[in-house]
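This report concerns only the one structure given below.
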Amino acid sequence: RGTLARLQRYVPGIAQGEKRVLLAFGAGIGAYARLPNAAGITNLAAGARAVATSLDAAEASACTALAQQLQSRGIGFAGIDLVYPWLIEVNIANPGGLATLVELGDVGAPDRLAAEVARALHAR
């Protein structure tokens with residue numbers, strides 16, 4: 001019945017964009033960068049632009065650790081938003097991003113995700 005407000009600390013690196021990283025069952029599936037629109041928003045639905053990217057060693061290490069932590073808590077698939085060293089958001093209800101990875105040329109991403117799902121099911 002009131003106004004809902006979200007507050008978060010401004011992360012200066014966001015001006016250069018953020019990375020969406022897909023994690024599944026303790027492993028990284030792929031990543032892309034989201035470059036902000038003219039208003040500084042990195043949401044693709046709001047006009048940000050997706051571009052292919054990779055993770056550097058520090059980012060990859062942090063993502064691997066986070067993927068394992070998520071898996072240990074029963075979260076098998078997540079999309080995270082990262083402006084290293086800041087974790088901006090963990091998306092577990094609707095991770096999104098698999099189609100964007102494919103559109104950007106990472107056509108193996110769905111197969112990597114399927115392999116991780118199969119591996120997790122087999123381990124049960």
Side-chain angles (χ1 to χ4, degrees):
R1 295 200 201 261
T3 301
L4 176 64
R6 293 184 295 163
L7 301 174
Q8 78 182 49
R9 181 178 180 181
Y10 179 73
V11 176
I14 198 77
Q16 287 75 46
E18 66 184 3
K19 293 183 180 180
R20 166 59 60 96
V21 184
L22 297 184
L23 307 172
F25 301 97
I29 300 303
Y32 59 90
R34 298 189 310 200
L35 305 180
N37 64 16
I41 297 170
T42 58
N43 186 300
L44 295 180
R49 187 168 55 96
V51 296
T53 194
S54 59
L55 301 177
D56 66 28
E59 292 168 331
S61 178
C63 288
T64 297
L66 180 57
Q68 292 167 353
Q69 285 293 316
L70 291 170
Q71 183 181 18
S72 75
R73 289 169 169 74
I75 299 168
F77 184 45
I80 66 165
D81 299 335
L82 180 70
V83 178
Y84 190 81
W86 299 99
L87 174 62
I88 304 299
E89 185 175 2
V90 178
N91 301 280
I92 58 174
N94 183 12
L98 193 60
T100 302
L101 285 172
V102 172
E103 289 169 9
L104 294 172
D106 187 355
V107 296
D111 290 338
R112 289 192 301 279
L113 176 58
E116 291 302 325
V117 170
R119 184 183 59 76
L121 290 173
H122 181 69
R124 295 178 88 193

Q) Side chains of I14 and W86: closer than 4.5 Å at any heavy-atom pair? A) no
Q) Can you get from L104 to I29 by hopping between Ile, Leu, Val, Met, Phe, Trp and Tyr side chains that sit under 4.5 Å apart? A) yes
Q. A109 and L101: which non-hydrogen atoms are nearest, and at how many Å?
A. CB-CD1, 3.9 Å
Q. In Å, rounded to the nearest 0.5 Å, how long is the span from CG of N37 to CZ of R49?
A. 11.5 Å
Q. Which atom names give the shortest non-hydrogen contact between I41 and A46, and what distance separates them?
A. CG2-CB, 3.9 Å
Q. Rounded to the nearest 0.5 Å, how far does OH of Y84 lie from CG of L55?
A. 11.0 Å
Q. How many angstroms lie between CG in L70 and SG in C63, if you round to the nearest 0.5 Å?
A. 10.0 Å
Q. Is F77 reachable from V117 through a run of hydrophobic residues whose side-chain heavy atoms are each under 4.5 Å from the next?
A. yes
**Q.** Pairs involving residues 12-31, ordered by first then second residue, that meet side chain to side chain donor-acceptor pair (under 3.5 Å) (sequence neighbours left out)
**A.** E18-R34, E18-T42, K19-E59, R20-D81
**Q.** Approximate separation, where rounding is to 0.5 Å, of T100 OG1 and Y32 OH
**A.** 4.0 Å
Q) Can you find a heavy atom in the side chain of I80 that is under 4.5 Å from one in the side chain of L66? A) yes
Q: Check whether any side-chain N or O of S61 sits under 3.5 Å from a backbone N or O of A57 as a donor-acceptor pair, and report yes or no.
A: no
Q: Measure across A15 and P36 and return the closest heavy-atom pair with its distance rounded to 0.1 Å.
A: O-CG, 3.4 Å
Q | R119: partners by salt bridge (charged side-chain N to carboxylate O under 4.0 Å, His left out), with sequence neighbours left out | A | E116
Q | Closest heavy-atom pair and its distance - P110, D106 | A | CD-O, 4.2 Å
Q. What do the steps show when you test L22 against L113 for side-chain contact (heavy atoms from CB on, under 4.5 Å), and what is the final call?
A. CA-CA 9 Å; L22 297 184; L113 176 58; over 6 Å; no
Q | CD1/I88: more than 12 non-hydrogen atoms of other groups inside 6.0 Å | A | yes
Q.
To check you understand the geometry: which heavy-atom pair defines the closest contact between A31 and V21, and what is its length?
A. CB-CG2, 4.0 Å
Q. So which heavy atom on P95 is nearest to which on G79, and how close?
A. CB-N, 3.4 Å
Q: Working to the nearest 0.5 Å, report the span between CD1 of I75 and CZ of F25.
A: 11.0 Å
